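All heavy atoms count here, side chains included; hydrogens, waters and symmetry mates do not. Nothing here was measured: the structure is a model prediction, and the numbers come from that model.
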Protein chains: 2
Amino acid sequence: MKSPSQSRDRGIPEATVARLPLYLRALNGMAERGVATVSSEDLAMAAGVNSAKLRKDLSHLGSYGTRGVGYDVEYLVYQISRELGLTQDWAVAIVGVGNLGRALANYGGFVSRGFRVAGLLDADPEVVGDDIAGLNVEHIDVLESVIERRGVSIVVLATPAMAAQEVCDRVVAAGVTSILNFAPVVLSVPDGVDVRKVDLSIELQILAFHEQRKAGGPLMAVDSQ
Amino acid sequence: MKSPSQSRDRGIPEATVARLPLYLRALNGMAERGVATVSSEDLAMAAGVNSAKLRKDLSHLGSYGTRGVGYDVEYLVYQISRELGLTQDWAVAIVGVGNLGRALANYGGFVSRGFRVAGLLDADPEVVGDDIAGLNVEHIDVLESVIERRGVSIVVLATPAMAAQEVCDRVVAAGVTSILNFAPVVLSVPDGVDVRKVDLSIELQILAFHEQRKAGGPLMAVDSQ
DNA sequence: ATCCCTTTGTGAAGCGATGCACAAAGTCGG
DNA sequence: CCGACTTTGTGCATCGCTTCACAAAGGGAT
Ligand SMILES: NC(=O)c1ccc[n+]([C@@H]2O[C@H](COP(=O)([O-])OP(=O)(O)OC[C@H]3O[C@@H](n4cnc5c(N)ncnc54)[C@H](O)[C@@H]3O)[C@@H](O)[C@H]2O)c1
Ligand SMILES: NC(=O)c1ccc[n+]([C@@H]2O[C@H](COP(=O)([O-])OP(=O)(O)OC[C@H]3O[C@@H](n4cnc5c(N)ncnc54)[C@H](O)[C@@H]3O)[C@@H](O)[C@H]2O)c1
């Protein structure tokens, strides 16, 4: 049922994809500090992973290192960026401009990595019309036209949980296939749509679990990031 | 080097721990709607996972289901809460009260799950003294005393990346062993300290990767949450 | 040119998580 | 009390990721 020989192997493991941004961040820091080349050992250290894992990850992109020397920092930045699709810039819309939506809109870290906030949408007439980070908050009614006209391909959901599925459905119907969800609900989407979720409450609960363990008995391994 | 027979098996897989909060959320929703019992099939559906996986996860906590019937919702809520350590309440301090820190402080979803914001700390004299969500922002100088006097056991880091490691070191020195980090840096901590990180930029980059793939060739599997 | 040193790229083993499939266990109607 | 039906709990095969360990590859010194 699968085709093991489809030109070359363009299947990068999901776990690897999730780490590429980590490497990219470390490499960007090095580039800024004027570092020209870096060994897998040093880069792995900076990214907080095992060096063998780093090498295997990078080997999925191609053979970009030089044995006995290491990796050219600039070149590797370019290759990873290209692989992640960061050489183009992505238009992002934020739906739900409350506490969290505002924080996200004001955050500079997106733009710096090729993500451009192209729209802010909310249902509350009180909020609509506000200027945030140089952008005007628009009414949720015009969601579809904003997505279409500004070429939005990634939507960030920061509405209350109640509204999330409904907004999600509209967003998907408008052709968006990548969603970052902050609402604490499991979104139901058709095949082909990517949903990633961030749930702070879950993170805290996981921490609480381990914290409880530490208090209980003094015999367990910890740490992870 | 390990002791395979230490009373009963108290080792719950990390992947299971990460899903328990999901089940808990689904169960709470059902409890509110007055549902008394639920089958693994239905609960799995609500949590967005495979039913066999759900059953295996729950089996790590004990045998709390009834064959032919399902799980008692209230009872399961209690068992999972206890396992996660949510029967006690946890004092949380937020360090860095900027865009993100404010959003977190104002967020009601923490308190509802047994997490109490017990302190807000910042280095900026402009911010110190502000009242946010009924709490006074204190100066980072008193970090150690706040942690000690209020029994803070979990710290949320929402400072700029530059300051994160320094604050982290102080927090760890003050005895905290659970940290939720929003700053885009790899924190270095001693063994026994748990760090979990949330990086929105990484999530967007992962979405961008898949989005690029979809545009490229029409032959790949997607979805995940 | 040759040798030595460093570091990559990867085969292969190990490990944990996933999902199937089913026997065991319990419910409920008669 | 029994038999049909439902649903759990889990053994087992499988899968994907991690880690080790090392041969191959390249650089630089002599
Ligand atoms: N604030 C946090 O730190 C935090 C943390 C974790 C999770 N969350 C989650 O993120 C989401 C947003 O949190 P928040 O604190 O910003 O809440 P908020 O109430 O401050 O903001 C929600 C915004 O969404 C808008 N909205 C409501 N219905 C809408 C709709 N149908 N279409 C468009 N906009 C709509 C509201 O007008 C409001 O401005 C929630 O689901 C919350 O659970 C927030
Ligand atoms: N805002 C977002 O949506 C967002 C998204 C992703 C990541 N982040 C990360 O979260 C962190 C905070 O983001 P933000 O947008 O709130 O930034 P911000 O600049 O608005 O807030 C940072 C706050 O930390 C305080 N601070 C600085 N040094 C400190 C110190 N040594 N001790 C205590 N407080 C100190 C500052 O005074 C400021 O109030 C950053 O690391 C950012 O990269 C933010």
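Summarising the geometry, the separation between CZ on Arg19(A) and P on dC17(D) is reported as 9 Å, rounded to the nearest angstrom. The interatomic distance linking Leu58(A) (CG) with dT18(D) (P) rounds to 13 Å, in whole Å. Across the protein-nucleic acid pair, Tyr64(B) atom OH and dG9(D) atom C1' stand 14 Å apart, rounded to whole Å. Rounded to a whole Å, the CG atom of Leu54(A) is 11 Å from the C1' atom of dT8(C). The distance from atom CD of Glu41(A) to atom P of dT19(D) is 13 Å, rounded to the nearest whole Å. Between the CG atom of Asp72(B) and the P atom of dT7(D) there is a distance of 15 Å, given to the nearest Å. Atom-to-atom, CG of Leu43(B) to C1' of dT8(D) comes out at 13 Å; the value is rounded to the nearest Å. Distance, Asp57(B) CG to dA17(C) P: 10 Å, rounded to whole Å.
With salt bridges taken as basic N to acidic carboxylate O contacts below 4.0 Å, one links Arg213(A) and Glu83(B).
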- Task: Could you go through the side-chain hydrogen bond (donor to acceptor under 3.5 Å, both in side chains) check for Glu211(A) and Ser178(B) one step at a time?
- Result: CA-CA 7 Å; Glu211(A) 189 68 26; Ser178(B) 294; 2.4 Å; yes
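Among the atoms of the strands shown, none is found under 4.0 Å from any heavy atom of Thr16(A).
In Tyr107(A), the OH atom is crowded: over 12 heavy atoms of neighbouring residues, nucleotides or ligands sit closer than 6.0 Å. Remark: Gln88(A) CD is packed, more than 12 non-hydrogen atoms of other residues, nucleotides or ligands lying under 6.0 Å away.
Tyr71(B) has no side-chain polar atom (N or O) that falls below the 4.0 Å cut-off from OP1 or OP2 of dT6(D). Note on Ser39(A): every side-chain N or O is 4.0 Å or more away from OP1 and OP2 of dT7(C). Ser40(A) has no side-chain polar atom (N or O) that falls below the 4.0 Å cut-off from OP1 or OP2 of dT7(C).
A 4.5 Å side-chain heavy-atom check between Tyr23(A) and Arg25(A) finds every atom pair outside the cut-off.
Side-chain contact of Thr16(B) with Asp57(B): a donor-acceptor pair under 3.5 Å is present, judged by distance alone. Defined by atom type and a distance below 3.5 Å, a donor-acceptor pair is present between the side-chain atoms of Tyr75(A) and Gln79(A).
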- Let me have a per-nucleotide readout for nucleotides 20-30 of chain C, 5' to 3', with B, S or -, counting only protein heavy atoms under 4.0 Å. BB--BBSS---
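Between dC17(D), dG9(D), dT8(C), one nucleotide has an atom nearer to the side chain of Glu14(A) than all others, and that is dC17(D). Taking only side-chain atoms of Lys53(B), from C-beta outward, the nucleotide of dT18(C), dC17(D), dT10(C) with the closest atom is dT18(C).
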